[in-house]
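Order of the sequence lines sets the chain letters (A, B, ...), proteins ahead of strands, with each chain counted from 1. Owing to the predicted nature of the structure, the values given are computational and were not obtained by experimental measurement.
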2 protein chains.
Amino acid sequence: MSLPTDTADVYVGNSTFSDLSLPDIPDQPVPMTTNCKAREVVGRIGSKWAIYVISSLDEHTMRFGDLKKTIDGISQRMLTVTLRSLERDGLIRRTVYPVVPPRVEYALTPLGRTLLEVVSTMVHWTDEHMAEIGAAQSAYDSRPEPEPIEQ
Amino acid sequence: MSLPTDTADVYVGNSTFSDLSLPDIPDQPVPMTTNCKAREVVGRIGSKWAIYVISSLDEHTMRFGDLKKTIDGISQRMLTVTLRSLERDGLIRRTVYPVVPPRVEYALTPLGRTLLEVVSTMVHWTDEHMAEIGAAQSAYDSRPEPEPIEQ
DNA sequence: CGGGATCCCTGCGGATACTG
DNA sequence: CAGTATCCGCAGGGATCCCG
């Protein structure tokens, strides 16, 4: 997603003019050739924070601050961006209570709950195979060193 | 992955000195606070091209050029980087045949085949719910426009 | 053919300051 | 509290050239 097809940002110096503080309609009309469906999923749940949000919302709804505290590596901006994106995709529902200290709650939609299962599958796979991957990496890093073929 | 903890790249002008043509040991010792396991999976299969490689290698082995032609949006560099990464993780196996025109074949390892199932789950989920997501997006983009609260 | 090495642009995402 | 608005570093990744 967000391929440089016709974004046509006004380039000024060393910064794009469309600095996208909070992007509204970022998705492009699919200029990719191959089956970009998978790309979309990854772009969605793999946006670095979406998984945490989805996982955190497992069952109970949460407020903005709660999510921020729970995920705790995330910045306000990225939490907002992620929540907006997930809301736009119909994966979470945002409820605003018009009270004096603003109260906003987020919860998974039925669709989001089905995605949670996929995410859980991924997390489960990781838990089971992380050791193998680590071992494979160690083995790989003990590379025989190409040996310049002197002679 | 690749969090800016202690990478300590020599910063020269507007470009990093460690231009990372082909990174060797990019993974960091987990400086994240939350359960970064999920992040690792996403970082792995969500590296924009890994899914295509994994999916393409479903069952039959493939040569470098075959993969490049199949995935077709990918650059040589990214295909190489992705293949190296997956090989290091023990997800694919690289076989070099010492013949005059070099012949290199890639195939999923047993571990990689288990990941393929996870990827398939994701792709399947996408196929089933893309319409819903699209509808949700359209609905969201027909936003009631916040109404500046005149008066 | 299968990459390795370089150069360079872009956009992701962090930090910070300000509003209702 | 729950955002919005800006600024900007930096790594991801494409284009290109070259090599065994």
Side-chain angles (χ1 to χ4, degrees), chain A residues 1-5 7-24 26 28 43 46-50 62-69 73-85 87 94-106 146 148-149, chain B residues 1-5 7-24 26-28 32 43 46-50 62-69 73-85 87 94-106 146 148-149:
Chain A
M1 54 170 33
S2 77
L3 292 152
T5 312
T7 42
D9 296 357
V10 183
Y11 188 79
V12 184
N14 57 0
S15 167
T16 61
F17 199 65
S18 70
D19 224 350
L20 64 104
S21 298
L22 286 177
D24 268 88
Q28 293 306 116
S47 62
K48 187 181 189 181
W49 294 114
M62 292 184 83
R63 299 183 58 179
F64 187 91
D66 295 337
L67 283 167
K68 184 146 181 14
K69 265 170 264 167
I74 200 170
S75 60
Q76 312 90 316
R77 195 178 93 82
M78 285 325 293
L79 181 53
T80 302
V81 170
T82 303
L83 288 171
R84 283 291 179 283
S85 176
E87 184 194 3
R94 178 183 134 109
T95 313
V96 183
Y97 297 89
V99 293
V100 193
R103 180 184 183 87
V104 182
E105 288 189 344
Y106 295 91
I149 313 174
Chain B
M1 53 170 34
S2 76
L3 293 153
T5 311
T7 42
D9 297 358
V10 183
Y11 188 77
V12 184
N14 58 359
S15 166
T16 61
F17 199 65
S18 70
D19 226 348
L20 64 102
S21 299
L22 286 176
D24 267 87
D27 288 354
Q28 293 306 116
M32 183 56 69
S47 64
K48 188 179 188 182
W49 294 115
M62 292 183 82
R63 299 183 57 179
F64 187 90
D66 296 337
L67 283 167
K68 183 145 180 12
K69 265 171 264 166
I74 199 171
S75 60
Q76 311 90 319
R77 196 179 94 83
M78 285 324 293
L79 181 52
T80 302
V81 170
T82 303
L83 288 170
R84 282 292 178 283
S85 175
E87 183 195 3
R94 178 182 133 111
T95 315
V96 182
Y97 297 90
V99 292
V100 193
R103 179 185 185 89
V104 182
E105 288 189 344
Y106 295 91
I149 312 175

Where protein sits on nucleotides 14-20 of chain C, one letter per nucleotide: B base, S sugar-phosphate only, - none, heavy atoms under 4.0 Å: BBB---B
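Partners of B:Arg94 by salt bridge (Lys or Arg N to Asp or Glu O under 4.0 Å), not counting sequence neighbours: none found. Every residue two or more places apart in sequence or in another chain that forms a side-chain contact (heavy atoms from CB on, under 4.5 Å) with A:Gln76 is listed here: A:Lys68.
The separation between B:Tyr97 atom OH and C:dG3 atom P is 13 Å, rounded to whole Å. Look at CZ on A:Arg84: it is 10 Å from C1' on D:dT4, rounded to the nearest Å. Atom CG of B:Leu79 is separated from atom P of D:dG14 by 11 Å (rounded to the nearest Å). For the pair B:Leu83 CG and C:dG2 P, the interatomic distance rounds to 11 Å; values are reported in whole Å.
Not a single donor-acceptor pair under 3.5 Å links the side chain of A:Ser85 to the backbone N or O of A:Val81.
In this structure, CG on B:Leu83 lies 6.0 Å from CG on B:Leu67, to the nearest 0.5 angstrom. Rounded to the nearest 0.5 angstrom, A:Trp49 CH2 and A:Ile74 CD1 are separated by 5.5 Å. Between the CG atom of A:Leu79 and the OH atom of A:Tyr106 there is a distance of 7.0 Å, given to the nearest 0.5 Å.
Distances were taken from every side-chain heavy atom of A:Thr80 (C-beta onward) to each of C:dG3, D:dG3, C:dG2; the shortest belongs to D:dG3. Of the candidates D:dA2, C:dG3, C:dC1, C:dC1 carries the atom nearest the B:Pro101 side chain, counting heavy atoms from C-beta on. Closest contact between the side chain of B:Arg94 and the listed nucleotides C:dG2, C:dG3, D:dG3 involves C:dG3.
Note on B:Tyr106: only backbone sugar-phosphate atoms sit closer than 4.0 angstrom, heavy atoms only; bases stay farther off.
A residue-by-residue look at B:Arg103 and A:Ser47 shows that B:Arg103 has its nearest nucleotide of DNA chain C further toward the 5' end.
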